[in-house]
Amino acid sequence: MTTAPEAPGTDQVGSPRLRKEDARLITGQTNWTDNIQQTGMLHVAFLRSPHAHARITSVDTSAARQQPGVVAAFSGADFAGEQGSLPCAWPVTEDMALPEHPPMAVDEVRYVGEAVACVVARDSYAAADALEAIDIEYEPLPAVVDMEAALAEGSPLVHEGSGQGQGSNKAFVWPFTAGDVDSAFEGADVVLTRRYHQQRLIPAAMEPRSVVCRPDGDAFTLWSATQIPHILRLMLAMTTGIPEHKIRVIAPDVGGGFGSKLQVTAEEVLALLLARRLRKPVKWTETRTEGFQTTHHGRDQIQDVSIAADADGRIRGLKVDLLADMGAYMMLVTPGVPVLGAFMFPGIYKMDAYSFSCTGVFTTKMPTDAYRGAGRPEATYAIERIVTELADEIGMDPVELRRRNWITHEEFPHTGVAGLTYDSGNYEAATDRAMELFGYDDLRAEQRRRRESGDPVQLGIGVSTYTEMCGLAPSRVLGQLSYGAGGWENASVRMLPTGKVEVVTGSSAHGQGHVTAWSQIVADKLGVPFEDVEVLHGDTRVSPKGMDTYGSRSLVVGGTAVVEACDRVLEKARKLAAHMMEADEDDLEFTDGRFTVRGTQSPATSVQEVALAAFAAHDLPEGAEASLDADATFDPENFSFPHGTHLCAVEVDTETGEVRLRAYTAVDDVGTVVNPLIVDGQVHGGLAQGIAQALYEEAVHDADGNLVTSTLADYLVPTAADLPDFTTDRTVTPSTTNPLGAKGVGEAGTIASTPAVVGAIVDALRPFGVQDLRMPCTPQRVWRAIADAREAARSEGGQR
Amino acid sequence: MPHIRVTVDGVSYDDQVEARRLLVHYLREQLGKVGTPVGCDTTNCGACTVLMDGRSVKSCSVLACQADGHDITTVEGLSSDGDLHPMQRAFHENHALQCGYCTPGMMIAALDLLRDNPDPSDDEIREGLEGNMCRCTGYVNIVRAVRDAAAVLRAQAAAPGSEPRAGVPPQVTPDQEPARQTASGGAAS
Ligand code: FES
Ligand code: FES
């Protein structure tokens, strides 16, 4: 059993400190981008395409300019010379199609909602009103909505002549093979093939996107509701040609991201250009409907998966063939999302061979990009679903089948078939704990009873034993995968003369509680009070170096940078303290913030006293500087691999198709836990989003490419009434790839839960012959699956 | 332009407003009460929830001129003299917020819920907060926070000589409830 005290030998780290962030947030003292006011600030509204695909034949903004309060109105053509093309940082193959993506469309629009013109006015009401006075004409072109139809011979093209090999909607093909897949399948007793659909999802952070840009002479300050102030600054400079050092990007309070604010958007680029052209601060904030149409979407894959196994359940090989919907353009990491997933399809299982191929497809829809988990939920869904089906096929308990195939805890570190080296884990411990908490055997017994009695409400149990690659990412690996940047993180730690500490982190939080967690780490390292630590982030002028927040990387990479910066501060402090105490450095001990001379009763010197002495600089040793600060950049050697076992019990009313979540147990192993309160919160929120994919959410387009689910009334973000309480627990198997032993937790719940829920529903309906369900598993779909299975059974019976 | 008199977090205002201006935009843009955010354009998210005469309304579905003559409490008016309201404290202590965007509306909706039902079950809390969305927390800790706040508020109400604080809805049991006042179209539930 690996359940251990949550950070042995430390005080702050591992304790459920209440968050420092809350004081402002619960009293309304917030600083959302949309709260920002600037003297003379103008408001921007965008006119957006009502067509999924059309040629723009004319735009006339002159009447809009005559409207009261309107300062300016522009079409895409007005910015054609300076707006550049929105960046894609991840060209996954050399021959990937990378079509131009102007922030405001000039000649052609390729999704509903694409910006075609804008109005700048004294207030947001006036700007919105004047949009109606813009005269624009389109020549509609055929929409391309369905991925398979898009690849068919003769399909209309999203981009004339820019598809792979020209004349196609195929953006790229990314293949990967390890081991001898053919012989793994040829010699198999069982081969199962399934097609899984990852529906399109909308990230739906509660804070809408918003941007404010203020010109300051030839420089600009841009506030944005973004996860990535540093990457954004770089990309804005590269896109517009405005020098990087003339742009300051600030991410103030940011109301959730989930990947949707890991983007360089048209509106950010245009806010910068409008501020430059008008010499006035400008603001734009999306409406929710506008956001659903134009903030990037997630998932949207068709997965053809085959698994080969021996009769005793040993997995021999796996084949995965993906179609991934890129939407109309390649945005920041659009093509990289399915590629990131490529390494995760084998999950926690040993096998001889694995092949993967992903075809990126253009359609006339909003581009897809990172959404909580980004590639890994898709992979985990496919492997966990098909492994469960394999267990059913050979008549084995789904947990037992997993036990026969997973990496055992003695086998770590373990290099799997996809080439990743999993550093640590204990799948047995997490699974045993989850089964115990869940009452697995009792629920199975109840399931049998209900089946035997023909209860109209059937019980199903879903199992998900997931792992994920977190801590993005070793820069070297990112380079090998053709990603345009590194994966390091930077921190600096400054002791002020009064003994207070400023910590600057390049990782920019939007709800994750970095301020609290980083304070805990620093308090322990330097032996200072938790309250004495201030954490600064999210402003390129304050934290000049950073790689920002995504991919469950902040603690693993950014937290480690903080640890290393603290170590350097202590190294300096030790030299100074030795000098102050007239002792040899090697004789000093440092505990609880105090230096003492080993084996003597001489008085201690606190780190705060050292900080003051450094500042005063009256008597510094040779070569010492008059400050006590240091910075560090950490680039991980490897990813980290959180894992866990999630068990879900559902009750399915076979007469109405209604699904009730009866119990959900998650036992996660995220390594060392800095703050259990925050970790639990991340798991809860992650579960809600993963469950939402299984049961509620789907971005639906009609045949003309209109987003049908364009409001919160149509796109079902679950409320409290739609979700149950969760049972959560942890095992702790520290990561060996970073000094904290942390693995990352931001995405775990989302990755694990979707297959657990769908698996449970399918399990409930097995007696009817149901083997799969399309997500989201709405009552209508569940009822239809039962009806179809009954119908099939009847006609089969009739033939006999 | 219509002329309104409205009290917001204990301060009275006398203002000209555009007839079509939403209360939430009046609060945010005209009064600088930016603690109350906007999360949608279809009255679904509840981020904008405020109290109007002690009952919760979605301030994106009330016109500023409908607030004429009414008393509005926003999240900024919940604490008094630096003392957190028990609901605020419960949200903090239960880690019931992450990004905090939904939090003002969630706390205010929860206060209204407790006014009708001072001792709700978890299911009743979940049902009662159906008009407020949170994308971060999965609601588990929000339910716990509301449960804790309910206990504190019940104890306070039971304490002899307890006085409801300014700007904060008094705890009344349903049978003592005064006539419900809502501007048309403004009910949050
Ligand atoms: S802003 Fe969403 S309900 Fe008011
Ligand atoms: S805390 Fe982020 S939306 Fe609720």
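Residue numbers begin at 1 in each chain, while the letters A, B, ... track the order of the sequences. Below, each value reflects all heavy atoms present in this structure, side chains not excepted, and no hydrogens, waters or symmetry copies.
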Residue among A/A720, A/G686, A/G28 with most heavy-atom pairs under 4.5 Å to chain B: A/A720
Per-residue contact mode, A/P203 against chain B (heavy atom under 4.5 angstrom): backbone
Options A/G257, A/P718, A/G749, ranked by heavy-atom pairs under 4.5 Å with chain B, top entry: A/P718
Closest non-hydrogen atom pair, B/F91 against A/I26: CB-CG2, 4.3 Å
Pi-cation contact, A/Y125 with B/R21 (under 6.0 Å, within 45°): yes
Neighbour count above 12 (heavy atom, 6.0 Å) for B/R20 CZ: yes
A/L723 side chain near B/R126 side chain, heavy-atom distance below 4.5 Å: yes
Least distance between heavy atoms, B/T42 atom then A/L712 atom: OG1-N, 4.1 Å
Backbone of B/Q98 reached by a side-chain donor or acceptor of A/R19 within 3.5 Å: yes
Under 3.5 Å donor-acceptor, A/E207 side chain and B/Y101 backbone: no
For the student: nearest non-hydrogen atoms of B/V34 and A/W32, plus distance: O-CD1, 4.5 Å
Closest-packed option against chain B by number of heavy-atom pairs under 4.5 Å, given A/D129, A/T285, A/D722: A/D129
Reference residue B/H95; test side-chain contact (heavy atoms from CB on, under 4.5 Å); the match among A/D680, A/L18, A/L677: A/L677
All pairs passing ring pair (Phe, Tyr, Trp, His ring centres under 6.0 Å) where residues 36-69 of chain B contributes a residue, at least two apart: none
Donor + acceptor pair across side chains of A/R288, B/N44 (<3.5 Å): no
Within 6.0 Å of CD in B/E130, more than 12 heavy atoms from elsewhere: yes
Considering all heavy atoms, the nearest A/G256-B/C99 contact: N-CB, 3.4 Å
Contact origin within A/V683 toward chain B - heavy atom pairs under 4.5 Å: neither
Heavy-atom proximity to chain B below 4.5 Å, by part of A/Q682: both
Engaged part of B/I108 at the chain A interface, taking heavy atoms whose separation is under 4.5 Å: neither
Shortest non-hydrogen contact between A/A688 and B/G138, atoms and distance: CB-CA, 3.7 Å
Top contributor to chain A contacts, counting heavy-atom pairs under 4.5 Å, from B/H92, B/E18, B/E76: B/H92
A/T27 side chain near B/V75 side chain, heavy-atom distance below 4.5 Å: no
Over all atoms of both residues, closest heavy-atom pair of A/M206 and B/C45: CE-CB, 3.5 Å
B/T137, part contacting chain A, at a heavy-atom distance under 4.5 Å: backbone
Heavy-atom check, side chain of A/D725 versus side chain of B/R144, under 4.5 Å: yes
Donor-acceptor contact present, side-chain B/R135 to main-chain A/F258, <3.5 Å: no
Residues, nucleotides or ligands: over 12 heavy atoms within 6.0 Å of B/R147 CZ: yes
Side chain / backbone / both / neither for A/L687 at chain B, heavy atoms under 4.5 Å: neither
Non-hydrogen side-chain atoms of B/Q88 and A/D22 separated by less than 4.5 Å: no
Atom pair CD (B/E29) and OG (A/S124), whose distance is rounded to the nearest 0.5 Å: 5.0 Å
Side-chain (B/D41) to main-chain (A/T289) donor-acceptor, under 3.5 angstrom: yes
Region of A/I691 that comes under 4.5 Å of a non-hydrogen atom in chain B: neither
Choice from A/N31, A/D34, A/T30 maximising heavy atom contacts with chain B below 4.5 Å: A/D34
Structural part of B/M133 lying under 4.5 Å from a heavy atom of chain A: both
